[in-house]
Amino acid sequence: MASDKKFFIETYGCQMNFADSEIVNSILIEDGMQPAETPEQADVVLVNTCSIRENAETRVWNRLKELRTIKKTNKELTVGVLGCMAERIKDRIIEQEHLVDIVVGPDAYRDIPRLLKEVDDGRKAVNVLLSLEETYADITPVRTVGNGISAFVSIMRGCDNMCSFCVVPFTRGRERSRPMESILKEIQQLSEDGYKEITLLGQNVNSYKDGENTFAKLMYEASQVNPEIRFRFSSPHPKDFPIDLLHIIAEQPNLCNYIHIPAQAGSDSMLERMRRPYTREQYLALIDQMREIIPGVSFSTDIIAGFCHETEEEHQQTLSLMKEVGYDLAYMFAYSERERTLAHRKFEDDVPEEVKKRRLSEIITQQMDIQKVRNQEEIGNRHLVLVEGTSKKSEEQLSGRTDTNKIVVFDRSDFEPGDYVEVEVTDSTSATLLAKPIKKSSITEFFGAAVEA
Ligand code: 5AD
Ligand code: SF4
């Protein structure tokens, strides 16, 4: 039943959460609701939450407390919690804090219209059931916040890996893949809508499987939809990385030469405690193979500092792994204990906070140095940049990314967001390349046509 209420969704956490918010947009609009411009103008504010680390949850709690103040002036306001925090704290949220009227887990978004009606009838409403099948395959996301150039497409949900530190298998449930047909249909629509860059998302993309269709096959089929859309994916696992995919990336100019490949740690002992089923040697061999098959490929990774029982020696091995690979980018975190995980049940979170902080800052400092050098090596190189928008620092400059995912800033001239521009790198910092634009170009012009698979 349609209602003319206005809603506002705030999203915290990973790209997957942002993609989920677009699905919720679609469900609510389909139900007759309208998006509001600000939370103050909304009848319903939904906060899509993240549980991956303690500080992510703290941010959400603080925001919920702020929303309570809006609730004081607008008694009719409905506040909801969506996503990963829903299951774990449903009782606390609803009973103790009086902050929230509705709690919805990541697999129950189709139920939101019904739950909102329960709230209208004066009840609190909760659905945190996880599903073995839900992929929202038939729902076309409504992309309200993006730039109209880059889009995320979710291809699978959940994770069965059970890394010992990670709460995701508990908050998002078991792995399941979306049918390939529905993914390709969404990509086709994005192509017709003028999108230029698509990132295929899943908690563990190499487990993608739809009958005979593997992740490599999906990437190949995606690349064929439109040769002028570039494709990325996130995140794969180093275990069982599909080698055939590397050849497909090398052959298809519109599959980006950039791989996010989370290492987490650099020593075999730590990888074992983390339940990451590969050794340092196997990880490094995979990196070598990737570099061999895809010349010029760039890498990013995820690293955790101060996981349970981490010794100074293990920390040094993480530093040395990072140096050996020479990542172009890294997401680096201090370990944050999560309830229900194997680490919580089995190990003690025994690395003192100040040691975690010190190790993390050593990891970050080294990574900044590595990036500085790697980016200096780019000076003089030519890249194809997809312009995403105006640079943060100056209206006169544009900012975009290379195929290898490096941020590039250059003079606006008459280029526009959405253009592919050939540039030559003139200068660099650890985070950004500065460049001079050469000319407007295209994937086919810059990289040549695809090699027949
Ligand atoms: N503490 C710190 N970092 C974590 N990550 C996952 N769980 C935790 C945790 N408990 C990191 C991992 C993962 C990324 C998405 O978040 O590095 O790859
Ligand atoms: Fe978490 Fe590991 Fe699954 Fe990534 S692969 S979501 S870190 S359990």
Side-chain angles (χ1 to χ4, degrees), residues 11-20 48-60 83-85 88 106 152 154 156-173 175 199 201-207 232-239 241 259-267 270-271 273-278 283 286 299-310 314-315 318-319 321-322 325 327 329-353 355-361 363-364 367:
T11 310
Y12 293 80
C14 64
Q15 293 164 342
M16 198 80 190
N17 257 15
F18 283 81
D20 278 3
N48 196 354
T49 61
C50 171
S51 289
I52 196 102
R53 284 169 290 276
E54 176 85 44
N55 54 11
E57 289 198 353
T58 309
R59 279 180 65 208
V60 170
C84 288
M85 277 169 80
R88 214 168 70 70
F152 295 107
S154 137
M156 49 102 54
R157 301 178 71 82
C159 183
D160 287 352
N161 278 331
M162 294 283 178
C163 301
S164 62
F165 50 81
C166 186
V167 78
V168 166
F170 304 96
T171 60
R172 286 190 163 266
E175 258 169 34
T199 305
L201 288 182
Q203 242 78 41
N204 184 15
V205 287
N206 17 356
S207 301
R232 304 184 188 280
F233 57 94
S234 189
S235 291
H237 196 297
K239 168 198 74 150
F241 190 95
I259 301 176
H260 178 66
I261 186 81
Q264 312 295 0
S267 61
M270 182 57 100
L271 289 168
R273 281 207 292 294
M274 289 178 159
R275 289 187 102 218
R276 301 283 293 180
Y278 50 88
Y283 182 90
L286 177 63
F299 295 112
S300 62
T301 198
D302 291 343
I303 297 288
I304 298 178
F307 183 63
C308 308
H309 317 331
E310 187 183 61
E314 286 171 330
H315 167 59
T318 294
L319 284 167
L321 177 94
M322 294 178 77
V325 176
Y327 293 104
L329 188 69
Y331 301 90
M332 301 157 283
F333 314 103
Y335 172 59
S336 165
E337 183 175 59
R338 309 318 288 140
E339 269 174 33
R340 299 172 74 194
T341 57
L342 187 77
H344 178 247
R345 283 178 276 135
K346 198 168 149 195
F347 305 130
E348 207 183 323
D349 178 16
D350 56 357
V351 178
E353 214 47 48
V355 176
K356 275 187 198 170
K357 278 205 186 117
R358 193 252 304 152
R359 289 181 185 166
L360 178 62
S361 94
I363 286 171
I364 294 173
Q367 181 56 28

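For ligands, and for the atoms within them, numbers begin at 1 and follow the listed sequence.
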Practice prompt. Might you point out which heavy atoms bring Arg157 and Ser154 nearest each other, and give the distance in Å?
Written response: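 Taking Arg157 first and Ser154 second, the nearest heavy atoms are NH1-OG, 4.4 Å.
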Worksheet item: Taking all non-hydrogen atoms of both residues, which atom of Met270 and which atom of Glu314 are closest, and how far apart?
Response: N-OE2, 3.7 Å
Does the N or O separation between [X] and ligand 1 drop below 3.5 Å for any pair?
X	answer
Phe165	yes
Gln264	yes
Tyr335	no
Glu337	no

Worksheet item: So Tyr283 and Tyr327, would you call those rings parallel, tilted or perpendicular, with 30° and 60° as cut-offs?
Response: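 The rings of Tyr283 and Tyr327 sit tilted, inter-plane angle from 30° to 60°.
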Worksheet entry | Listed partners of Asp302 passing side chain to side chain contact (heavy atoms under 4.5 Å, CB included), at least two apart | His260, Pro262, Gln264, Tyr331, Phe333
Worksheet item: How does Val168 reach ligand 1, if at all, at less than 4.0 Å between non-hydrogen atoms: by side chain, backbone, both, or neither?
Response: neither
Fill in: Ala334 and ligand 1 - part of the residue with a heavy-atom distance under 4.0 Å
backbone
Item to complete: Enumerate the atoms of ligand 1 whose separation from the nearest heavy atom of Ile304 is less than 4.0 angstrom.
Response: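 Once the distances to Ile304 are compared, the set is 3 (N), 4 (C), 5 (N), 12 (C), 17 (O).
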Item to complete: Report the residues that fulfil side-chain hydrogen bond (donor to acceptor under 3.5 Å, both in side chains) with Asn17, sequence neighbours left out, ordered by chain and then residue number.
Response: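 Asn17: side-chain hydrogen bond (donor to acceptor under 3.5 Å, both in side chains) contacts with Arg172.
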Discussion item. Quick check: do Phe170 and Ser51 have side-chain heavy atoms less than 4.5 Å from each other?
Written reply: no
